[in-house]
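Side-chain atoms are counted along with the backbone in the values below, which use heavy atoms only and exclude waters and symmetry mates. In what follows, chains carry the letters A, B, and so on, assigned in the order in which the sequence lines appear, proteins first and then strands, with residues in each chain numbered from 1.
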Amino acid sequence: MDNYHLSQTGCDLNERLDAISRLSANISHKLNNHLTYMYNYMFILKNNITDPAQINLANKIENGLNRIRDILQELIDISSPSLDNLVQTDVASLSEEVVQSFSREISERGIDISISGNATVITSRKKLLKALMNMVNNSIESEADKITISHMEGKENITISINDNGSGIKIDDKEMLFEPFFTSKQNAKGMGLYIAVQAIKSIGGTIALSSSANDKGAEFIVTLPK
Amino acid sequence: MTIMIVDDEPDIRESIKDVLNTAGYEVVAMSNGQEAFEYLKTRKVRMMLVDFSMPGMSGEELLLSLETVNKRPPALIITALAPWRMLKLLKYGIGYIRKPVNTKLLIGTIETMIKKEAANECAQPC
């Protein structure tokens, strides 16, 4: 397996992700102002129309604005430090919760998913859950039919490994993989792994990616300090 | 009834002014904190809407300065930032609304804050 470690490849990649994070937050702030402008005039417009067909069209425009708003909110929140409560977290239970939330997809696609080992860590449960959800979702979207989530507790760190036999990651895509809006999949937003890495970084952890030389299967390894 | 909007972004000032005008309010618009502070030294408004992040005097600095000289009208911070960043201001009873602004919520919040202030004023000898 090639190893592609975010914390080593560079300081380069980490610095780039930090720069992207700041840029995303700045752009989001600007765009939020323009969205406010549009919402305000949409409000005035809707108060001045009575034709149901026109009201329907105005509502469709507003739905589009809402979708933009939600993406921007995610970008701002994930880039900001947070005051989440830090709690003792049973990581295997958290993984169980993640698997449970994907039960429909797992059942429909006949995915063999297993969880092994355990670890506990004091961390932001909310951020870790968000990261795990996005990484497992990535494995499911890569058409894996076998996903293994394993946990290990060391003296100073805990590790969570999410290993799948899906379509893997092309060598050309590795540099871009964790950037927002990058995706090699149809109908995907391309935010999942960006959100995962930002969430893990914000709780002091790192993510490493291993994929096989023939680009099949992938393993994400999250390391969190105890 | 006059409401002040303080925001360095012209689109925000223009669109909020138009919305508040349709809701029956007069609006005075300021593009920076210093301008707003100077205005309020000698004149009163019913309420102010303040952008948190502005170059020069920030929204937070403006509101805390007005608080110090006892010239702060009821205020609503408008910002894209999460509420925990506003804790210092929220304890002064300053309201908070997140960008992008839900216009209906904005108007409702303004009405509520003005009514509450009027009720507080009459709780003292009228």
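- Taking a 6.0 Å sphere around CE of A/Met152, one finds it holds 12 or fewer heavy atoms contributed by other residues, nucleotides or ligands.
- Only the side chain of A/Phe43 comes within contact range of chain B, with at least one heavy atom under 4.5 Å from a heavy atom of that chain.
- Heavy-atom neighbours of chain A within the stretch residues 4-24 of chain B, taken at a separation under 4.5 angstrom, comprise B/Glu9, B/Asp11, B/Ile12, B/Glu14, B/Ser15, B/Ile16, B/Asp18, B/Val19, B/Thr22.
- A distance of 8.0 Å separates OG1 of A/Thr36 from CD1 of B/Ile78, quoted to the nearest 0.5 Å.
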Walk me through it: do B/Lys99 and A/Asn33 pass the test side chain to side chain contact (heavy atoms under 4.5 Å, CB included)?
CA-CA 7 Å; B/Lys99 280 180 184 171; A/Asn33 282 333; 2.6 Å; yes
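- For the atom pair B/Thr103 OG1 and A/Lys46 NZ, the distance stands at 9.5 Å (nearest 0.5 Å).
- Counting non-hydrogen atoms of other residues, nucleotides and ligands closer than 6.0 Å to CD of A/Gln100 gives a total of 12 or fewer.
- A 6.0 Å sphere centred on NZ of A/Lys30 holds no more than 12 heavy atoms belonging to other residues, nucleotides or ligands.
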